[in-house]
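Because only heavy atoms are used, hydrogens play no part in the values below, and waters and symmetry mates are left out as well, while side chains stay in.
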Amino acid sequence: MLAAASVGALSALGGCVDEGGVLSLGADPEKPTVAILEDRSQTFALTGTPKYRATKLAVEEINRDGGILGQEIDVFAPDPQSDNMRYQDLTRHAIYQEDVDALWAGYSSATREAIRPIVNDHEQLYFYTTQYEGGVCDRSVFPLGATARQQLGAVVPYLIEEYGDEIYTVAADYNFGQLSGDWVRIIAEEHGAEVVGEEYVPLDESQFGSTINRIQSADPDFMMSMLVGQDHSAFYEQRLASGLEVPVGTSTNMAQAYEHLRIDPPALKDVYAGVNYMEELPTDRNEAFVERYHDRWDDDGYLNQEAQNNYFSVYVYKKGVERAGTFDQAAVIDALEEGIEVEAPEGDIALDPATHHMEHNMRVAHADENHEITFDAERKIEPAFLHDVGCDLTSEDEQTQYEPDAFYEEA
Amino acid sequence: MSLGSDSSGGLLAAVREPFEGPNTMGNTPAFWLGLTAAVTLLAAMPVLFGYYAAEIGAVFLAYALLGVSLCFIWGYCGILSFGQVAFFGVAGYAFGIVAINVPTLTGLTLGLLAAVAVSTAFAAALGYFMFYGGVRDVYVTILTLVVALVLYTFLGQTAGGEWAIGDARLGGFNGMSGVPDLGVGIGSVGLEIGIVGHYYVTLGALVVTYLGLRALVNSQFGYAMVATREDERRTEMFGYDTTFIKFVVFTIGGAIAGLSGVLFTAQNNYIDPSVFGITAAALPVVWASVGGRTSLIGTIGAALAIQFVDYQLALSGSEWALVLIGSLLVFVILVMPEGVAPRLHEYVVEYRASPDPTPAETPAPGEVHGGDD
Amino acid sequence: MAGIELLNFGFEFVEVFAFIVLATVGLAVIFGMMGIINLAHGEFILVGAYATTFAFAAGLPLPLAMLTGVVITAVFGLVLERFIIRHLYGRLLDSMVVTWGISLVMIQLVRIAFGNSAPGVGIPFGQLPVVDGPVYYLVLATIAVGVLGGLYALFAWTDFGVRARATMQDEETARSMGVDTDRMYMATFGIGSGLAGFAGALYAPVMTITPEYGTGFLVEAFVAVVVGGSSVIVGTILASGFLGSVNAAFTNLAGTFMGQVAMLVAAIVAIRLMPDGITGLLADWRENRGESR
C-alpha cells in the first residue's frame, strides 16, 4: 500500500516536471551547434585526438568560407576521456543543454553502442566515423568509416593472390575482432582460400610468445592481424625478434594508430593494410589537406584514417543541410538520403542512401623494411553486406545492428 | 522521504530515536533540518533544470548509493571491498537479462527483484568463501578486486551470438543495450517509470537506504559491527560470532550495490564490462575515503560532489582535467586523513563546545554535501 | 616433436615468469615491506620506460639508457616519498586512494609533456634457434633471477638490509637502537621505485610506449604480491612460479583468454587457501614442525 501510494505520488510529481525545467539555461537556439565528442585523454587519446582536430579544422574552414546557409557553426567539444559512462552524460548534455544539430562521437564500437540508445531516443543526427565491424542500420546514425567487410574485402583477396590460400587469423577478443574473424572466413571462402588457424587475444595481453609459436607451427601463407590498442601493438616487435616472417594483412594497424611510425623498422615489414585513407596517400588533394592540417595543429601528430573520415563527414553534413535548406535534423537526414557526393582527401566518394554508409575508395597500403608506405589495388567498394540483409533506410526506419553469422553458413 | 513530518514538535525525538546513536554523526535537530533541506533541494532539481538534470542526476544518485554500500561495510565493519562494482554490474546485467526477455510490468518488477537477489546471493557466496576461509584485511581487498577483473575479462569476450540468454545478448565489450526502463506492477496494473520518475525512485532509494543503515548501525547489531571493526579478537571473546557478522554485513553491502546497479542500468538502458574495470572499481573507494568512511552522509556528499566536479572538468574539455581531479584527491587525503565529513563534524563540535559547556551531539551539515549537485 | 613442444612450453613459462617477477619486485618491496598500496606502481614503471626510450633516442647505448631509466625513477620515487608518501605510512588504505590520484595525474602529465606516443627502442639480441623466440626473453629471465638474488643479499646480509627490515617490523625499537628510521623508509621506497623503473626500462623494447604503458603491469603485480605473502623475495619467486606456470599451461592448452582467466582464478583460490600468502603458509608450517619436535 505504502509503495503504491509513493509510486502514485512519484507519477504525480513526474507529471509536473517540464522537459526544460523552470530555470532551463539551454544554448542560444538561433545558432547552429555541432558536438565533437572525441577522446583526448586516457585509452583512446592516441587515435581520438586527430579525430577531434580534423573535425575542428573542417568546421573552421567552413566558418571561414561563410558558414552553412550563411550561419556560423558553433562547436561543443568536451573531453569524454575514453569513458563510456562519461560519453552518455556528455551526449545528454549535448542534446539537452546545447541542443546540437549534429553529433560526432566516439572511437570504439562500445562507445557507439553506449550512446546509441540516447541518440535514438532523441532522433539525434549522429556521425560515427571509425572503421568498424559493420552492420549498423539506424535511421539517425551515419557510420561513415569503412566497414570490416570493405577493409578486409580490399586486403584479403589481394594477399590470397600474392601469397597463397592458407590464412591464420589473430584478432582482439571482443566484438570487432570476433566479427572481423568471421569476415576473413567468409571472404576466404568466396576466394577459395582457407583459414587454417584462428586465435582471439584479450585486449590487455602484451606477451605474444605462445601466439607466435602457434603461427609458426601452422605455417600459413599469410596471417591476418586484427589486433587493437596499445598492449597489442607489442606484437610487431615480438614478431620481428622471433623471426616470424609470414606476411601480415590487417584492417586495424597502421592507418589508425600509426604503428609504422611508432615502432622502429623493420618490425612492420610486409604488413599490408586494407584502408580508405592514410596520411601518406600521394595525391595533390591529400597533400594539400595534410598541409592544412599540420599548419592548423603545429605539433607532429599523425593524421589518421578516422580523422580524414571526420573531416569529410563534416562536408557531407554541410551538403545535407544546404540541400535541406534548414538545420532541422529530420529534414537533413532526408536530404542526406537523397545521396551526397563529396570530394574527400581519399578521393571522390558517395554516400549510399539506403544504408547511410559510404562507398569508399579502398586500397592496400604496404609497409616495406623502412616502413615506407606504398599503395596498390585501388578500387571502390560499396557497403554490400547491408544491401544483402535488406537494410533500406530510405523506405523503412530501423535501429538495428546486423551480424554476418545470421546470413552466412560459413560464419 | 518521511522527513517532512520531522520539522519540529515533541514527536520529533521519538521519530528520530531509531536513527540516532553513537555510531552516526549528526544526531541533532539542526542536522535533520539540514538533511531535509538537502533532500528537498535534490528533489527540486528536475523541476528547476528539467529532464537533463533528472537523467544526469539519477546516474550520480545511483553512484552515491554504490558509495553507501561500501561505506557501510568498510566504515562500520572494517571490510574494504575493492569489488563493490562486481555486485553493481552483476545486478545490472541480471536486470537487463530479465527485462529484455520479459519487457512487461511483471517482468520489470521481477527483473528488479531477481537482480537484487542475484547480487545478494553472489555477495553471500563470496562472503562465505572469504570469511569462513579466514581471508582478511588487505587480502579481502585484493580478492574482491580480482573477482571484478575476472568478470571484466569474461564479459569482454562474450560478443558472439552464442552468449545470449533468451533475447538478451551479453554483447561483449559493446555491452548489453536495449535494457528497458524500470517499471513496477503486476499484469497490466502498475506504472512504467519514466525519466523524471526514475530520478525520484533513485533519490527515494538513496534516502530510504541511508535511513535504514543509520537505524541498523545504531542497533545492537551495529554495535557488534563496530566492535568487530575495532578489535575482532576481543569481540569474539565477548561471545560474538564475528565471522557471521562480517558475512552478513558483506551480503547487505552486496544487496545495496546490486540495487544501485539496477538503477544505473535502467537509467542508461545499457551496461558494459567497463563497470567491472579497475577505474570503476576504484571510484567507490575514492568517494568513501574523501567523504569519510565512517560517515554515510559524507560518502554520499563526496560521491555527488566528486562526480559533479569531474563531470564539469570533462565538460570544459581541458587537458588538465585529470591532473586537477587527481591532485584534488591527493590533497584531500593528505590534509583530511579521516575524510571531509568527520573533519567538519569535529569543527562543529568544537564550535559548539566553546559557548556551551554541555558536550553536544552535533550535525555534520548535510546541506554542504548534498547541495553540491 | 613432443620435445619441441615441451621446449616451447618451457620458453613460454620463462617469458611469463620473467614478466611477473619484474613487474612485481618493485611493488613487493613497497607494498610487502612498507605497507603502501601503490596504485601508481604502473606509472613508476612508465617513468622508467620513458626515461629509457628518450635516453636511447638521444644516442645513449641501450644498457646506459636503461640505467638512466632506473636512476630517474628512483629519484622520482624519493621526491614523491618526501612530499607525499611519508605521510601515509601505517595508512594502508589511504595510500591506495592517494596513489590512485597520483597515477591519474602522472598519466595525463606524461601525455601533455610528451604527446600520445614515444619513439620505440627495438628488441636487441635477435632470435633463438629451435623455439623461434627472442633471445631477449632469456636475458630478461636471467635478470629477473639476478634481481631477486641481489635483493635477498641486500636485505639479508648487509647492514643496511638489517636496519631496513628492523625499521619496517618495529619502528620504535629500531629507532631506540639508533637506526635512522626516516632514512630507512626513504631508502627502501627509493629501492622499490628504482626496481619499478627497471621493469619499465627492461620492457621498453618489448612493448610500445604510450602514456598507458604502466597499466599493463598492475594486475599481475598485485596478484603476485598478495599470493606471495609478506616475505618479499621468497614470496615473489613462489608466486611468480605458480602464477606463471598456470598462465603458461592454460595459454598453451586453451589460448590466451583462458590463460588470463585461469591465472586470476588460481589467484583467488590461492588467497582463499592461504590467507597469508604462500610465505604465510610456509611460516605456519615451520612453526608446526618446531612445536611437534
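Both the backbone and the side chain of B/Ile333 come within contact range of chain C, with heavy atoms under 4.5 Å apart. With a 4.5 Å cut-off on non-hydrogen atoms, C/Val225 does not touch chain B at all. Proximity to chain C is limited to the side chain of B/Phe82, based on heavy atoms less than 4.5 angstrom apart. Both the backbone and the side chain of B/Glu319 come within contact range of chain C, with heavy atoms under 4.5 Å apart. Proximity to chain B is absent for every atom of C/Met106, based on heavy atoms less than 4.5 angstrom apart. Residue contact with chain B, scored on non-hydrogen atoms closer than 4.5 Å, is absent for C/Leu273. Interface remark: C/Arg91 contributes side-chain atoms only to the contact with chain B (heavy atom separation under 4.5 Å). For chain B, no part of C/Ile107 is nearby; none of its heavy atoms comes within less than 4.5 Å. For chain C, no part of B/Val332 is nearby; none of its heavy atoms comes within less than 4.5 Å.
In this structure, B/Thr294 OG1 and B/His345 NE2 are separated by 9.5 Å, a value rounded to the nearest 0.5 Å.
A salt bridge is defined here as a Lys NZ or Arg NE, NH1 or NH2 lying under 4.0 Å from an Asp or Glu carboxylate O, and C/Arg82 with C/Asp182 meets this definition. Comment: B/Arg293 engages C/Asp94 in a salt bridge, judged by a side-chain N to carboxylate O separation of less than 4.0 angstrom.
Heavy-atom pairs under 4.5 Å with chain C peak, among B/Leu324, B/Thr153, B/Val290, at B/Thr153. With chain C as the partner, the residue from B/Leu143, B/Ile278, B/Leu328 showing the most heavy-atom pairs under 4.5 Å is B/Leu143. Counting heavy-atom pairs closer than 4.5 Å to chain B, the top residue among C/Ile112, C/Val261, C/Ile271 is C/Ile112. Of the listed residues (B/Leu329, B/Thr279, B/Val140, B/Val323), the greatest number of heavy-atom pairs within a distance under 4.5 Å of chain C belongs to B/Val323.
B/Tyr76 and B/Phe72 have tilted rings, their planes meeting at an angle from 30° to 60° on a 0 to 90° scale. C/Phe114 and C/Tyr50 have tilted rings, their planes meeting at an angle from 30° to 60° on a 0 to 90° scale.
Around CD of C/Glu172, the count of heavy atoms belonging to other residues, nucleotides or ligands within 6.0 Å does not exceed 12.
Considering every non-hydrogen atom in both C/Val97 and B/Ser289, the closest pair reads CG2-OG, 3.1 Å.
Because its NZ or CZ atom is not both nearer than 6.0 Å to the ring centre of C/Tyr185 and within 45° of the ring axis, C/Arg86 does not count as a cation-pi partner of that residue.
If you look at B/Phe244 and B/Tyr240, their ring centroids are not closer than 6.0 Å.
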